[in-house]
Amino acid sequence: MLNFLFWISAALSAPAYPVSEWLAPADHSTLEATEVRWSGYTFRIVYIGRGETAENWSRRITTWSSPSDIRGAGSLATKAARIKEAIIADCPGSRSGALRLFTSSGRPAAEFWIACDLYPETGRPDHYFVRMISGEANLLSAAITYRAPPTTAQIADASAYLDTLLICTELTAGPACRSVPAPPRTTGANVR
């Protein structure tokens, strides 16, 4: 994951990339945002279950909003394949599912999973379900990560949960979009 995050942060060279779109959970009453960060032209929010800690969690949900060209030129499938490869590179011996392409909220989307039985940085397993959506101006991504191999029910829940994510903009009026932190308007802004 470290290579993946470093690559995202270092991939861009333009001086200003305001993020105008982001993802929000439709219902996050059982979640707590443990990290809200603007880093390297990427706006990121990390959620865990209430009562868990940033170091000790069973399920983590991470959303990213980045410039559309975060992985360079190419289709969403090409960008998703690059991100998938970066995650796999962080966990030697990991397994992954095929890249699935579809439409989400009328926009191109891609989804894949990766099973990392022993993530070297933590010494624990990380099992990822990742969805990427081409927004109007931004690449929107969400990952649900389990610290143990997920059950069949958890796999179904992860896919269903990703279906509930809302695409938010500054003009979005829905309560779910207003109840999560919005990205800063400039790259120099500080977020908690």
Discussion item. Does Leu76 form a side chain to side chain contact (heavy atoms under 4.5 Å, CB included) with Leu139? I'd like the steps, not just the answer.
Written reply: CA-CA 9 Å; Leu76 178 64; Leu139 179 61; 3.6 Å; yes

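- Side chain of Ser159 to main chain of Ala156: no donor-acceptor pair is present (N/O by atom type, distance under 3.5 Å, no hydrogens or angles).
- Pairs of residues two or more places apart, or lying in two chains, never qualify as disulfide bond (SG atoms under 2.5 Å apart) while including a residue from residues 34-69.
- Hydrophobic cluster membership differs between Leu23 and Leu166, with clusters built from Ile, Leu, Val, Met, Phe, Trp and Tyr side chains linked at under 4.5 angstrom.
- The salt bridge (Lys or Arg N to Asp or Glu O under 4.0 Å) test applied to Glu21 returns Arg107, not counting sequence neighbours.
- For the pair Cys116 and Pro125, the minimum side-chain heavy-atom distance is 4.5 Å or more.
- Legend: residues meeting side-chain hydrogen bond (donor to acceptor under 3.5 Å, both in side chains) with Arg124, ordered by chain and number and at least two apart, are absent.
- Ser58 is linked by a side-chain hydrogen bond (donor to acceptor under 3.5 Å, both in side chains) to Glu52, counting only residues two or more places apart in sequence or in another chain.
- Between Phe43 and Asn138 there is no side-chain heavy-atom pair separated by less than 4.5 Å.
- Remark: of the listed residues Ile87, Val130, Ile114, Ile114 is the sole one forming a side chain to side chain contact (heavy atoms under 4.5 Å, CB included) with Ser96.
- Within the hydrophobic cluster formed by Ile, Leu, Val, Met, Phe, Trp and Tyr side chains joined at under 4.5 Å, directly or through other members, Trp57 is accompanied by Ile48.
- Listed by first and then second residue, the salt bridge (charged side-chain N to carboxylate O under 4.0 Å, His left out) pairs involving residues 143-162 are Asp126-Arg147 (not counting sequence neighbours).
- Annotation: side chain of Val180 is in contact with side chain of Trp22 (closest heavy-atom distance under 4.5 Å).
- Two residues are said to be in side-chain contact when any heavy atoms from C-beta on lie closer than 4.5 Å; Asp117 and Arg95 meet this criterion.
- By the 6.0 Å and 45° rule, Arg60 does not stack over the aromatic ring of Tyr128.
- A donor-acceptor pair under 3.5 Å is formed between the side chain of Thr53 and the backbone N or O of Asn56.
- With contacts defined as side-chain heavy-atom distances shorter than 4.5 Å, the pair Glu111/Phe102 qualifies.
- A continuous path of Ile, Leu, Val, Met, Phe, Trp and Tyr side chains, each step under 4.5 Å between heavy atoms, connects Leu140 with Leu31, placing both in one hydrophobic cluster.
- Ring geometry, Tyr146 versus Phe129: the interplanar angle exceeds 60°, so the pair is classed perpendicular (tilted spans 30 to 60°).
- A heavy-atom distance below 4.5 Å is found between the side chains of Met132 and Ile83.
- Using a 4.5 Å heavy-atom threshold, the side chains of His127 and Pro149 count as touching.
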